[in-house]
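This report refers to the structure that appears directly beneath it.
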Amino acid sequence: MSTNPPNLRPDLAPAARLSDDRRAGQPTIGMVSLGCPKALVDSERILTRLRAEGYGISPDYAGADAVIVNTCGFLDSAKAESLEAIGEALDENGKVIVTGCLGAEPEYITGVHPRVLAVTGPHQYEQVLDAVHNAVPPSPDPFIDLLPATGVSLTPRHYSYLKISEGCNHKCKFCIIPDMRGRLASRPAHAILREADKLATAGVRELLVISQDTSAYGLDRKHDLNPWKDGEVRSHILDLSRELGRLGVWVRLHYVYPYPHVRDLVPLMADPENGLLPYLDIPFQHAHPDVLRRMARPAAAARTLDEIAAWRATCPDITLRSTFIVGYPGETEAEFRTLLDWMDEAQLDRVGCFKYENVAGARSNTLPDHVPDEIKQDRWERFMAKAQVISEAKLQAKVGRTLQVIVDEVDDEAATCRTMADAPEIDGNLFIDDGFEGLAPGDIVTVMVEEAGEYDLWGKRV
């Protein structure tokens, strides 16, 4: 059982889980899915379309007629990881189709790996399918391969990501995602709700709402009205959350910017009749106003503390999760200490941090006064030490409390669960190591917290 710190890098998703559903003679495609949860959803959509066309899905290179590598281009280190994955797929299989964010730079990929069959950009589903058709012609069985009742899921059956929009309108200097994925493009509210309803009907117990800027959802659609059931629903995060919370499943919001209207979500989180979890994942990035200005982000750290206090007054059990960047160009020791002091005041529940690095095409690359690597490392260690102390105290305060948990995995030693305060494979866990017989993934049970570590909890069923 792990007590490692949670991994809060925003460019990482849980590892894709592929099952082997091939039949004899069926053309088969493998998938390597890198990057963030939004990319994982793209992979699921591609595989769902392929399976509907008669392709089998292979969990390994050797069993595949071709391999799709869905890449990440968030950081230079992620680009290197993507290039390495492409190289491995070429060595092991030979037929490789590349898609995803790094696919927005095809020459970058083909310059290193000229043998790839095709390169497409993010969410270019049709181009990916065309490339697969050219490499491995489909051979559908009309009695088996009609459209499946449910899509291909790369996550366990009891939770699912729900993408509500693509793109982003922000122009943060350290980020090139708007260049790769474009401006905000929200899905119609009724399409999202229909997908969510189907997932809930299929047995999903938790929906993880994702986008690049969840609180901006519907802004591009001017918050238009959409038909839903016997009425209408606006394309607005408040209306969408209210309706999702009525489906009888847990609903968790990720990547929420602290716009003023976010405070209207918090009463929904405090309502036990609504499934919207008291959990906000907000990318604050820093706390010093000058650093935020250099990042081209709203410089309102002081007001943010006021907002946090107001959220907690309305919903005392709210969990706040965030990521931060240390060593941003020009960051002084005094600015970094301001971030540490802000952390003392904000007392965030779940905190991750990564050291700044240049990304090809990002405007921050040309900023003056880049911070030396050894100083970045020192600040990262000091930041994480501060975050660990806060996390440990927060978890210790839960000892003796009764909480609802969702079961993720059961083995011979324990049931690995999560509380409402924990996103899957990112935050901590709660372990039940006695009396867990009969539990199965997706069960939601009540536990008494008996013990707390730095990042995880232990409890017993009540």
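Bear in mind the structure is a predicted one, so any value in this text is a computation, not a measurement. Count residues from 1 along the sequence.
Remark: K460 does not engage D434 in a salt bridge, criterion side-chain N to carboxylate O under 4.0 Å. Taking 4.0 Å as the cut-off between side-chain N and carboxylate O, R246 and E243 count as a salt-bridged pair. The pair R418-D408 meets the salt-bridge criterion, since a charged nitrogen lies less than 4.0 angstrom from a carboxylate oxygen. Remark: D281 does not engage R350 in a salt bridge, criterion side-chain N to carboxylate O under 4.0 Å. For E357 and K376, the salt-bridge test fails: no basic side-chain N is under 4.0 Å from an acidic carboxylate O. Salt bridge annotation for R379-E374: absent, with no cationic side-chain nitrogen under 4.0 angstrom from a carboxylate oxygen. A salt bridge links D290 to R293: at least one charged side-chain nitrogen sits closer than 4.0 Å to a carboxylate oxygen. A salt bridge is absent between D306 and R303: the closest approach of a Lys/Arg side-chain nitrogen to an acidic carboxylate oxygen does not fall below 4.0 angstrom.
With R294 contributing its side chain and G330 its backbone, the two residues share a donor-acceptor pair below 3.5 Å. In this structure a side-chain-to-backbone donor-acceptor pair under 3.5 Å is present from S322 to I282. Without hydrogens or angle criteria, D443 side chain to L439 main chain gives no donor-acceptor distance under 3.5 Å. Side-chain N or O atoms of R205 include one that pairs as donor or acceptor with a backbone N or O of G442 at under 3.5 Å.
Using a 4.5 Å heavy-atom threshold, the side chains of N365 and K173 count as separate. The shortest distance between side-chain heavy atoms of M420 and T319 does not fall below 4.5 Å. The closest side-chain heavy-atom distance from I109 to V112 is not below 4.5 Å. With contacts defined as side-chain heavy-atom distances shorter than 4.5 Å, the pair E454/L395 does not qualify.
The ring pair (Phe, Tyr, Trp, His ring centres under 6.0 Å) search around F336 returns none, not counting sequence neighbours. S241 is linked by a side chain to side chain donor-acceptor pair (under 3.5 Å) to nothing, counting only residues two or more places apart in sequence or in another chain. In terms of the side-chain contact (heavy atoms from CB on, under 4.5 Å) criterion, residue partners of A85 (sequence neighbours excluded) are, by chain and number, V32, L34, V69.
No donor-acceptor contact under 3.5 angstrom links the side chains of D341 and T338, judged on distance only. Under 3.5 Å, the side chains of S235 and N226 contain a donor-acceptor pair of N or O atoms. For Y328 and D369, the side-chain atoms include no donor-acceptor pair closer than 3.5 Å. Under the 3.5 Å distance criterion, with hydrogens and angles disregarded, a donor-acceptor pair is assigned to the side chains of S364 and Y356. The closest side-chain donor-acceptor pair between T416 and N429, if any, does not fall under 3.5 angstrom. Between the side chains of Q396 and E392, no donor N or O sits under 3.5 Å from an acceptor N or O. Inspection of the T99 and N70 side chains reveals no N or O donor paired with an N or O acceptor under 3.5 Å. With hydrogens and angles left out, the side-chain atoms of Q377 and K355 include a donor and acceptor closer than 3.5 Å. Side chains of S33 and S43: a donor-acceptor N/O pair is present below 3.5 angstrom, by distance only. E331 and H286 form a side-chain donor-acceptor contact under 3.5 Å, judged by distance and modelled atom types alone.
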- Walk me through it: do I164 and I210 pass the test side chain to side chain contact (heavy atoms under 4.5 Å, CB included)? CA-CA 6 Å; I164 64 172; I210 57 167; over 6 Å; no

Exercise for the section: Report the C-alpha separation of D427 and R321 in whole Å, then their side-chain angles, then the decisive distance to 0.1 Å, and conclude whether the salt bridge (charged side-chain N to carboxylate O under 4.0 Å, His left out) test is met. Expected result: CA-CA 9 Å; D427 296 329; R321 171 182 183 261; 3.3 Å; yes

Quiz prompt | Verdict with reasoning, Y257 to H170, per ring-ring contact (aromatic ring centres under 6.0 Å, His included) | solution = CA-CA 11 Å; Y257 282 74; H170 292 286; 4.2 Å; yes

* List the steps, then state whether salt bridge (charged side-chain N to carboxylate O under 4.0 Å, His left out) holds for E166 with R187. => CA-CA 8 Å; E166 280 288 0; R187 297 175 62 195; over 6 Å; no

Margin query: Could you go through L219 and Y217, starting from their C-alpha distance and side-chain angles, then the distance that decides it, and tell me whether this counts as side chain to side chain contact (heavy atoms under 4.5 Å, CB included)?
Written below: CA-CA 6 Å; L219 188 64; Y217 167 72; over 6 Å; no

query: Going through the checks in order, is the side chain to side chain contact (heavy atoms under 4.5 Å, CB included) test met by S391 and D349?
result: CA-CA 6 Å; S391 172; D349 303 85; over 6 Å; no

> Between M384 and E381, does a side chain to side chain contact (heavy atoms under 4.5 Å, CB included) hold up when you go through it step by step?
Replying inline: CA-CA 5 Å; M384 291 307 296; E381 290 174 1; over 6 Å; no

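Taking CG of D220 as the reference point, atom OG of S186 lies at 3.5 Å (rounded to 0.5 Å). Expressed to the nearest 0.5 Å, how far OG of S77 lies from CZ of F354 amounts to 9.5 Å. Note: L367 CG to M295 CE = 10.0 Å, rounded to the nearest 0.5 Å.
A ring-centre distance under 6.0 Å is found for F324 and F383. Centroid-to-centroid, the aromatic rings of W342 and F284 come within less than 6.0 Å.
In this pair, Y259 and H261 present their aromatic rings tilted. The plane angle is within the 30 to 60° band.
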